[in-house]
Protein chains: 2
Amino acid sequence: MKGSRLTIVDAARRHIYHNGYGSTSYADIAHETGLGKGNIQYHFKAKEDLLHAAVDQQIQDIREQLESWSLDCGTAYDCIERFIAMVEKNAKNLSLHGCPMGSLNSELGKHERRLQDHARAMFDLYLRWLEARFRSFLPRKQAQARAEQLMVMAQGASVLAHAYEESQIVRRQAKIMRQWLHDVCDQS
Amino acid sequence: MKGSRLTIVDAARRHIYHNGYGSTSYADIAHETGLGKGNIQYHFKAKEDLLHAAVDQQIQDIREQLESWSLDCGTAYDCIERFIAMVEKNAKNLSLHGCPMGSLNSELGKHERRLQDHARAMFDLYLRWLEARFRSFLPRKQAQARAEQLMVMAQGASVLAHAYEESQIVRRQAKIMRQWLHDVCDQS
DNA sequence: GTCTATATACCGATAGAC
DNA sequence: GTCTATCGGTATATAGAC
């Protein structure tokens, strides 16, 4: 049995991912958790607090994910391919709801720049981790550029797949990313 | 002196692009145009009508843009590079507000799938136009894949540039797109 | 066509009973 | 901790005066 607070944050993450932050209300979370609206507001006085908690938990998940990849994978190449495999594995959700990281940043970037500063930290985690892997076989500046390029491909695939509600777009782009990664390694 | 209706649609396009559809109200458009709220609602009974009109006008703009590119540019290669040049030229706006086409589709895809069906038509226009240019030197299936890949890069660059409010990301990716286009032509 | 006024609903936030 | 009740603000939408 987990505490109310964690239940609320889980529901908030899901609802924000599926409907966006602006279309997420206390009433929605109350309905989804079965708790009263006042209870949600006892734990999170302001709506912004709810978002910060949801982002914090997601950041924690990403940290653990990247750590486990670093341990599991042998070479830097395998690590980066693991990232691509993650994108491909989530093809269905990406086509249905977009990327949880990208779509949240897009929404908050429009008119909640202060909150977006926090959401951007998710991008930082992935980018710095990818850059560190690329640095095993590339100079610093090139490693940075390659990490950025891979993230651009992943985000672009998510946007297009979501627009067309077509998970095959993600799978096609994952294949292209693998070929690209292979070529990048060859050239080094 | 242009009519009220056109004034309203222009303001709606700008406001929706800068703030998102969900955060655009009749009062916002009234304030931005100097017209009364009731006047806006006389021309557009439902808020959805306002979005449809804004999207329709943007579709018209895209059509004219693509037509003029087709006339101006000599080779198919030049046409495609013109698309890349457009992305690069808009780097500043993309970093400040995201891509008008991508961010609108992302928002509507979350909880307004019906309206998103209309917004997706903008993607269709660019993708079909790009595919037609690639077909000058590639078979149908490959041309389709290349058009999709280029759009993925453009959208990904927009998302990342918007998240970091950093227009240089778009410029770096435009350079990569040009190199990619060059390689694609070479291989054919 | 343009405006004011109003109906109705939902939101975030707060106060207080249990 | 959990809930109900309520306030103030704002949204879409409608009715009607000019």
Side-chain angles (χ1 to χ4, degrees), chain A residues 1-57 104 107-108 110-116 118-119, chain B residues 1-57 103-104 107-108 110-119:
Chain A
M1 202 57 190
K2 68 184 166 186
S4 286
R5 196 189 153 90
L6 198 55
T7 305
I8 294 166
V9 176
D10 280 346
R13 275 183 68 177
R14 191 169 41 250
H15 202 277
I16 289 171
Y17 176 36
H18 290 173
N19 302 92
Y21 174 66
S23 298
T24 296
S25 69
Y26 283 113
D28 291 328
I29 310 297
H31 185 265
E32 208 162 298
T33 56
L35 300 170
K37 197 177 76 163
N39 194 358
I40 317 284
Q41 294 182 293
Y42 165 76
H43 288 284
F44 303 93
K45 306 300 179 194
K47 193 184 167 185
E48 299 189 356
D49 300 337
L50 203 50
L51 179 75
H52 283 303
V55 171
D56 277 336
Q57 198 193 277
L104 183 59
E107 180 188 359
L108 299 178
K110 291 257 181 209
H111 46 107
E112 303 264 22
R113 273 281 173 202
R114 218 180 59 266
L115 300 178
Q116 199 263 343
H118 189 193
Chain B
M1 202 54 192
K2 68 182 165 187
S4 287
R5 195 189 154 91
L6 197 57
T7 305
I8 294 167
V9 176
D10 280 347
R13 275 183 68 177
R14 190 169 41 249
H15 202 277
I16 290 172
Y17 176 36
H18 291 172
N19 301 92
Y21 173 66
S23 298
T24 297
S25 69
Y26 283 114
D28 291 328
I29 310 297
H31 185 265
E32 209 161 298
T33 55
L35 300 171
K37 198 178 68 167
N39 194 358
I40 317 285
Q41 294 182 294
Y42 165 75
H43 288 283
F44 302 93
K45 307 299 181 195
K47 193 184 167 183
E48 299 190 356
D49 300 338
L50 203 51
L51 180 74
H52 283 302
V55 171
D56 276 336
Q57 197 193 276
S103 59
L104 183 59
E107 181 189 359
L108 298 179
K110 292 258 180 208
H111 46 108
E112 303 264 22
R113 274 279 174 203
R114 218 180 59 264
L115 300 178
Q116 199 263 340
D117 282 345
H118 189 193

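Labels below follow one simple rule: chain letters A, B, ... track the order of the sequence lines, proteins then strands, and each chain is numbered from 1.
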request  = Starting from C1' on dT4(D), measure out to CG on N39(A) and report it in whole angstrom.
outcome  = 12 Å
From H52(B), E48(B), E112(B), residue fulfilling side chain to side chain donor-acceptor pair (under 3.5 Å) relative to H118(B) = H52(B)
Report, one pair per line, the protein and nucleotides 16-18 of chain D atoms (nitrogen or oxygen only) whose separation is under 3.5 Å.
none

inquiry  = Checking contacts here: which listed nucleotide (dA13(D), dC3(C), dT2(D)) is nearest the side-chain heavy atoms of A46(B)?
reply    = dA13(D)
message = So if I take residues 22-37 of chain B and measure heavy-atom distances to DNA chain D, which residues fall below 4.0 Å?
response = T24(B), S25(B), Y26(B), K37(B)
ask   = How many Å lie between NZ on K47(B) and P on dT10(D), as a whole number?
value = 15 Å
ask   = Which nucleotide sits closest to the side chain of Q41(B): dA13(D), dT2(D), dT2(C)?
value = dA13(D)
note = To the nearest angstrom, the NE2-P distance between H43(A) and dG1(D) comes to 6 Å
request  = Round to a whole Å and report the spacing from CD1 of I40(A) to C1' of dA13(C).
outcome  = 14 Å
query = When rounded to the nearest 0.5 angstrom, what is the spacing between CG in L35(A) and OG in S4(A)?
reply = 5.0 Å
Distance in angstrom units between D49(A) CG and dG12(C) P, rounded = 13 Å
task = Would you check if I40(A) and T33(A) make a side-chain contact, meaning some heavy-atom pair closer than 4.5 Å?
result = yes
Distance (rounded to the nearest 0.5 Å) between E32(A) CD and T7(A) OG1 = 11.5 Å
ask   = What pair of heavy atoms forms the shortest contact from V55(A) to A119(A), and how long is it?
value = CG1-CA, 4.2 Å
ask   = Between L115(A) and Y21(A), is any pair of side-chain heavy atoms under 4.5 Å apart?
value = yes
remark   = Rounded to whole Å, the CD-C1' distance (E112(A) to dG12(C)) equals 13 Å
query = Does a donor on one side chain and an acceptor on the other come within less than 3.5 Å for K110(A) and S103(B)?
reply = yes
query = Nearest to the side chain of S4(A), which nucleotide is it out of dT2(D), dT2(C), dA13(D)?
reply = dT2(D)
request  = Kindly determine whether V9(B) and H43(B) satisfy side chain to side chain contact (heavy atoms under 4.5 Å, CB included), including the steps that lead there.
outcome  = CA-CA 10 Å; V9(B) 176; H43(B) 288 283; over 6 Å; no
task = Output the single nucleotide from dG1(C), dT2(D), dT12(D) whose closest atom is nearest the side chain of Y42(B).
result = dG1(C)
query = Given atom CD of E48(B) and atom P of dA11(D), what is their separation to the nearest angstrom?
reply = 18 Å
message = Would you say S25(B) and D28(B) are linked by a side-chain donor-acceptor pair, where the criterion is simply a distance under 3.5 Å?
response = yes
task = Using whole Å, report how far CD1 of I8(A) lies from C1' of dC3(D).
result = 13 Å
